[in-house]
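FYI, side chains are in, hydrogens and waters are out, and symmetry mates aren't considered; it's all heavy atoms of this structure. All residue numbers in this chain count up from 1 along the given sequence.
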Amino acid sequence: MARAGGITNAVNVGIAVQADWENREFISHISLNVRRLFEFLIQFEATTKSKLASLNEKLDLLERRLELLEVQVSTASANPFLFT
């Protein structure tokens with residue numbers, strides 16, 4: 001009778017070890033995916049900042065050109081005889 005209990009205990013330990021292994025494997029997969037997501041977000045942030053900086057420079061240039069054109073138009077409207 002003592003032997004049957006020992007086998008049952010060994011089976012239970014085996015089941016517990018297998019469950020622990022599966023849990024560790026699951027946690028490992030989750031950790032890896034979280035790392036990948038984090039790396040993607042860092043790369044996305046860097047790329048987005050770069051693109052936004054480039055667009056901001058282009059927008060600044062367009063705003064300066066627009067201001068220059070507005071001054072030229074207002075000057076031409078105020079002094080039409082300069083262009084005749």
Side-chain angles (χ1 to χ4, degrees):
M1 194 81 167
R3 232 180 125 113
I7 293 172
T8 303
N9 190 28
V11 170
N12 288 339
V13 169
I15 291 170
V17 168
Q18 180 66 31
D20 182 60
W21 182 260
E22 290 171 359
N23 285 336
R24 288 173 188 256
E25 189 176 10
F26 177 73
I27 290 169
S28 176
H29 286 298
I30 296 294
S31 295
L32 178 62
N33 287 329
V34 167
R35 262 187 251 123
R36 286 179 178 164
L37 178 61
F38 184 71
E39 290 170 1
F40 166 76
L41 290 174
I42 289 173
Q43 181 64 35
F44 179 78
E45 178 190 29
T47 302
T48 303
K49 279 184 178 180
S50 173
K51 288 181 179 182
L52 285 175
S54 175
L55 287 173
N56 193 43
E57 289 175 10
K58 291 176 182 179
L59 182 59
D60 287 343
L61 179 63
L62 288 172
E63 287 173 340
R64 285 194 298 270
R65 286 181 182 173
L66 180 60
E67 289 171 358
L68 177 63
L69 288 172
E70 287 173 342
V71 168
Q72 289 176 342
V73 167
S74 67
T75 301
S77 297
N79 302 311
F81 62 91
L82 291 175
F83 300 98
T84 58

Got a list of side-chain donor-acceptor pairs under 3.5 Å for residues 26-42, not counting sequence neighbours?
{"from": "S31", "atom 1": "OG", "to": "I27", "atom 2": "O", "distance (Å)": "3.0"}
{"from": "N33", "atom 1": "ND2", "to": "H29", "atom 2": "O", "distance (Å)": "3.3"}

For residues 10-19, run the donor-acceptor check on the side chains, cut-off 3.5 Å, and write out each pair with its distance to 0.1 Å, sequence neighbours left out.
{"from": "N12", "atom 1": "ND2", "to": "T8", "atom 2": "O", "distance (Å)": "3.4"}
{"from": "Q18", "atom 1": "NE2", "to": "E22", "atom 2": "OE2", "distance (Å)": "3.0"}

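In this structure, CD in E70 is found 7.0 Å from CD in E67, a value given to the nearest 0.5 Å. Note that NZ of K49 and CG of N56 are 14.0 Å apart. Values are rounded to the nearest 0.5 Å. Atoms CG and CG, on L55 and L59 in that order, are 8.5 Å from each other to the nearest 0.5 Å.
Through ILVMFWY side-chain contacts below 4.5 Å, L68 is grouped with nothing and stands alone.
Side chain of S54 to main chain of S50: no donor-acceptor pair is present (N/O by atom type, distance under 3.5 Å, no hydrogens or angles).
L66 places none of its side-chain heavy atoms less than 4.5 Å from the side chain of L62.
Residues D20 and R24 are paired through a salt bridge, judged by an N-O separation under 4.0 Å between the basic side chain and the carboxylate.
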Check the pair L61, R65 against side chain to side chain contact (heavy atoms under 4.5 Å, CB included), reporting the backbone distance first and the verdict last. CA-CA 6 Å; L61 179 63; R65 286 181 182 173; 3.8 Å; yes
